Amino acid sequence: MLLLEYPRCSTCQKAKKYLRSKRFDFEVRDIVTDKLNANELDRLIKKSKKDINKFFNTSGLKYRELNLKDKIQTISYKEKLQILSTDGMLVKRPLLELDDNVLIGFRETEWNNI
């Protein structure tokens with residue numbers, strides 16, 4: 001299992017604490033210093049079976065600076081992948097990649113099913 005996180009994010013810290021409390025073995029990747037490329041994002045999005053828009057960190061400063069709220073309604077999937085791959089701060093976090101799924105954000109009730 002792979003946890004994609006921003007180490008200074010309090011939600012990511014909660015997710016790590018949760019995984020450790022459940023004694024899960026997991027790897028960690030900093031999505032800011034080691035950002036996801038478009039191919040990796042595409043694979044994770046397809047694996048999650050969720051809409052690409054769920055992968056945007058809509059509460060982030062960068063999201064607001066780029067006025068993405070309106071843009072993501074009209075641009076293509078490929079353009080969205082390109083935007084997400086430019087900056088790890090644009091990606092909703094944490095992401096937890098499992099063998100057969102990807103969890104977006106940390107909601108303990110959802111994570112209890114892993």
Side-chain angles (χ1 to χ4, degrees):
M1 126 179 8
L2 175 64
L3 180 69
L4 298 140
E5 59 138 14
Y6 175 52
R8 292 178 27 201
C9 165
S10 61
T11 305
C12 295
Q13 291 170 6
K14 287 178 193 172
K16 275 198 291 198
K17 184 177 178 181
Y18 173 85
L19 292 172
R20 287 183 183 125
S21 76
K22 300 292 184 183
R23 302 194 192 293
F24 284 114
D25 288 325
F26 61 97
E27 293 177 46
V28 176
R29 178 173 171 183
D30 183 332
I31 61 171
V32 176
T33 60
D34 187 12
K35 63 186 175 212
L36 297 162
N37 66 42
N39 290 333
E40 291 172 310
L41 283 160
D42 183 50
R43 183 182 60 75
L44 291 171
I45 292 162
K46 288 177 178 167
K47 191 176 196 179
S48 77
K49 298 180 181 95
K50 294 191 172 100
D51 187 277
I52 188 172
N53 292 352
K54 298 277 186 200
F55 281 76
F56 280 91
N57 177 14
T58 57
S59 61
L61 287 173
K62 190 80 167 183
Y63 182 87
R64 284 179 275 182
E65 283 174 13
L66 297 173
N67 283 329
L68 291 176
K69 182 180 179 184
D70 297 323
K71 286 181 188 173
I72 65 170
Q73 303 309 319
T74 59
I75 61 175
S76 71
Y77 179 86
K78 190 174 181 177
E79 289 170 307
K80 291 175 187 179
L81 279 179
Q82 182 57 40
I83 290 168
L84 285 169
S85 69
T86 62
D87 189 331
M89 295 300 278
L90 289 171
V91 180
K92 176 89 172 166
R93 58 190 183 266
L95 292 175
L96 183 64
E97 182 179 14
L98 306 166
D99 290 336
D100 60 349
N101 195 9
V102 175
L103 301 179
I104 307 165
F106 177 63
R107 286 182 291 297
E108 192 169 332
T109 54
E110 184 181 5
W111 286 44
N112 282 334
N113 296 322
I114 58 175

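Worth saying up front: this structure is predicted, and the values here are computed from it rather than measured.
The OG1 atom of T86 sits 11.5 Å away from the CG atom of L81 when rounded to the nearest 0.5 Å. Note that the CD1 atom of I104 and the CG atom of L96 stand 11.0 Å from one another [nearest 0.5 Å]. With rounding to the nearest 0.5 angstrom, the CG atom of L98 is 11.0 Å from the OG atom of S48. Expressed to the nearest 0.5 Å, how far CG of L3 lies from CZ of F26 amounts to 6.0 Å. In this structure, I31 CD1 and D87 CG are separated by 9.0 Å, a value rounded to the nearest 0.5 Å.
For the residue pair N53 and K80, a side-chain donor N or O sits within less than 3.5 Å of a side-chain acceptor on the partner.
Tracing side-chain contacts under 4.5 Å through hydrophobic residues (I, L, V, M, F, W, Y), one reaches Y77 starting from V91; they form part of the same cluster. Linking ILVMFWY side-chain heavy atoms closer than 4.5 Å, directly or via other members, places I75 and F55 in a single hydrophobic cluster. Residues L4 and M1 are members of separate hydrophobic clusters, defined by side-chain heavy-atom contacts under 4.5 angstrom among Ile, Leu, Val, Met, Phe, Trp and Tyr. Linking Ile, Leu, Val, Met, Phe, Trp and Tyr whenever their side-chain heavy atoms come within less than 4.5 Å puts I114 and F106 in one cluster. Note: the hydrophobic cluster containing L36 does not contain V28 (ILVMFWY, side chain heavy atoms under 4.5 Å, direct or indirect links).
Within the 4.5 Å cutoff, no side-chain heavy atoms of N57 are placed close to those of M89. P94 has its side chain within reach of W111: a pair of non-hydrogen atoms, C-beta onward, lies under 4.5 Å apart. Using a 4.5 Å heavy-atom cutoff, the side chains of L68 and I83 are in contact. For the pair I72/I52, no side-chain contact is recorded, criterion being any heavy-atom separation below 4.5 Å from C-beta on. Side-chain atoms of K14 and K17, non-hydrogen and from C-beta on, never get closer than 4.5 Å to each other.
In terms of heavy atoms, S59 sits closest to R64 at O-NH2, 2.7 Å. The minimum heavy-atom distance between R93 and C9, with the atom names listed, is NE-CB, 3.5 Å. The shortest non-hydrogen separation linking K35 to S85 is CD-O, 3.3 Å. Residues Y63 and L90 approach most closely at N-CD2, 3.7 Å, considering heavy atoms.
With K71 contributing its side chain and L66 its backbone, the two residues share a donor-acceptor pair below 3.5 Å. No donor-acceptor pair closer than 3.5 Å links the side chain of Q73 to the backbone N or O of D70.
Sorted by first and then second residue, the pairs that involve residues 18-27 and meet side chain to side chain donor-acceptor pair (under 3.5 Å), not counting sequence neighbours, are Y18-N112.
Around atom CG of D99, no more than 12 heavy atoms belonging to other residues, nucleotides or ligands sit under 6.0 Å away.
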Tell me, with the steps shown, if Y6 and D30 meet side-chain contact (heavy atoms from CB on, under 4.5 Å). CA-CA 5 Å; Y6 175 52; D30 183 332; 4.3 Å; yes
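Among N101, V102, D100, the one residue that satisfies the side chain to side chain contact (heavy atoms under 4.5 Å, CB included) test with K47 is V102.
A salt bridge does not link R29 with E97: every distance from a Lys NZ or Arg NE/NH1/NH2 to an Asp or Glu carboxylate oxygen is 4.0 Å or more.
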